[in-house]
Amino acid sequence: MLGLNLMARRRIGLVATGGLALGAIALGGAVYAVSPGFTDDRSADLAAAINPEKPKSVILLIGDGTDDSIITAARNYELGAAGRFALDDLPFTGAMTTYGLKVGTGPDYPINYVSDSAPTASGWSTGKKTVDSRLSQGPSTANDVPGTDYETVLEKYKKQGKRTGNVSTAEITDATPAAAASHINLRACQGPGPIDMATCPTAKKSAGGKGSIAEQLVDHKIDVILGGGMNRYAQPTDAGPTALAYAQSTHKYQLVQDKSALDGVTTLDNGPILGLFTPGNMTPRYLPLTATPAGAGGPNTTCQTADRGTQPSLADMTDKAIELLDNDKGFFLQVESAMVDKQEHSSDACGAIGDVLELDNALKVAQAYQAKHPDTLIIVTGDHAHSTQIVPNGGSTTDATGATGGKATATLKTADGDPMTIAYSTAPPVAGSSQSHTGSQIRVAASGPQAANVTGTIDQTDLFTTMLGRTPSKLPSGPTTTVPAPTPAPVVALLADSKITAKQLRSPGLKVTTNVAGATSVKVTLLNGGKTLASASTGKYGGSVRLKVRSSVKGTLKVVVTAKGPGGTKTKTASVKVTR
Ligand SMILES: [Mg+2]
Ligand SMILES: [Zn+2]
């Protein structure tokens, strides 16, 4: 395929020699050649993918800490540099800013250029910015001072009668899933126990608050909750029983704890589903490969698949959630591949890479549903950038130029068979230190109704209105085929002697030379007043003819060239004086 493209391009290049317009086409061909499977103009495909209707259902897939650096690293490793994930192939892709605020007196809060997962998830959940560690609450003067509660997409859709789902490979009370359906001043307040709630005293139910994140999630009666974090639900509520017992008795949640139990659930008729598959976070796809100052791994190192026991994969959970949520009124489902971020914090190249693949596999499940339900909007994005960098090979060792590959590095053999070195440089390379988030914009991609709204450079908070469905805009109507450019009229040049004797006019005659473009017929006529004295036709490009006049004439004659072509008729005239 690529070979054919190259041949075609070379042929165009030859034809184009000396032709400006065709030269530009050849340049376009050179651009196509570096992009796999992309040879034709995509305008019509993109136009066909634009759907201005409001979505009936929304599936939001988040890779925590999943920026273009870790996506590229994962792609190189899993598919090779020229490979493409499903998330790479969505019709609409844009860039998304993720900045947040810092606590202060307001209303102009200082900007926080590197956000954590709480304000970022609050951003798309509520359409508003807030401060680090805060969940779907506005900014305030200090971390322990609660802000104003902001209504979330999940809450709005719940009110509309749509079903809702929340899936994560982290503890389900972790910041990203928590922002969808809880309001609390600090993300650490995950369970109702005294240690977790120490920094959120006013949120305690015994203090008249909404309770811990674990309690708030089930109080929202989310239809399907799947993830890790049993330890949070094992904590006692202020009223005495555990959060789990509270969920089961008060809201009739059905507990599932392994993949086979999850597989066995086929209905929400017996109550909403609470899947808690691990005490804490769920197990990443791959065993760790932790970067070190000396350089971990090498040109033959590959990632090893972890034993996840009876835990379902993110794709398993997404598949079951969609099956249970599917209904006539539609649904909102948030799915998080959480461990990309957590393994990046741990300088774990394999752990982070594997859970980008888990995200992509979950996307494929969502796409299978969308194929049968085209009124479903799918958005895939991250929440903030992270520490992963792809650097020149050579590990952390200072090379001949004095450059280093990073404070800690790990090298892997990619699907190309070549070594790729990943570096982490946002924290000291000592045991126990955590790599930090970074402040770059990140990718957002989408398909389905209103997916085109993610293109360009948007802000995280813009996803809020897009997910809820913006007022549909009107697509331009008009010709679907290109109007051909009008054919130009012929171009005529005329050369004739301005003087000739009567004798010369008899023989050899008046020489008239024409040069014509764009004509199918060319005629040269010699006129005296309105009377035709002589005429001759040339080829369509013109040429030289001799017009002879035997009768005696005098005065000034007129030479007329008439060129007729598909673009019209063009005439040109000249005067000839007949002398003695
Ligand atoms: Mg998260
Ligand atoms: Zn993080």
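Quick note: residue numbers are just sequence positions, from 1. These values consider heavy atoms only, across backbone and side chains, with no hydrogens, waters or symmetry-generated copies. Both ligands and their constituent atoms are indexed starting at 1 by order of listing. Just so you know, these numbers come straight off a predicted model, no measurement behind them.
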Residue His345, metal the Zn ion (ligand 2), N/O/S under 2.8 Å: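 Of the N, O and S atoms in His345, at least one lies under 2.8 Å from the Zn ion (ligand 2), which means yes.
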Looking from the Mg ion (ligand 1), what is the angle between OD2 on Asp64 and OG1 on Thr176, to the nearest 10°?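 It comes to 100°.
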Closer than 2.8 Å to the Mg ion (ligand 1), do we get an N, O or S atom from Asp341, backbone or side chain?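 Given the 2.8 Å cut-off, Asp341 does not count as a ligand of the Mg ion (ligand 1).
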Less than 4.5 Å apart, side chain to side chain, heavy atoms only: is that true for Phe331 and Asp223?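 No; the side chains remain at least 4.5 Å from each other.
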Looking at CD of Gln190 and CD1 of Ile172, how far apart are the two atoms once the value is rounded to the nearest 0.5 Å?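 One gets 10.5 Å once the value is rounded to the nearest 0.5 Å.
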Give, for atom CD of Gln435 and atom CG of Asp341, the distance between the pair rounded to the nearest 0.5 Å.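 CG of Asp341 is found 11.5 Å from CD of Gln435.
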Is Lys252 reaching over with its side chain to a backbone N or O of Ser249, donor-acceptor style, under 3.5 angstrom?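 Yes.
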Specify which N/O/S atom of His437 comes nearest to the Zn ion (ligand 2), by atom name.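 Output for this pair reads NE2.
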Looking only at N, O or S atoms, find the one in Asp341 nearest to the Zn ion (ligand 2) and name it.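 For Asp341, the N, O or S atom at the smallest distance from the Zn ion (ligand 2) is OD1.
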Looking only at side-chain N and O atoms, does Ser140 offer a donor or acceptor that is under 3.5 Å from a partner on Arg134?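 Result is yes, a qualifying pair exists.
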Restricting to N/O/S, name the atom of Glu336 that gets closest to the Mg ion (ligand 1).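 Result: OE2.
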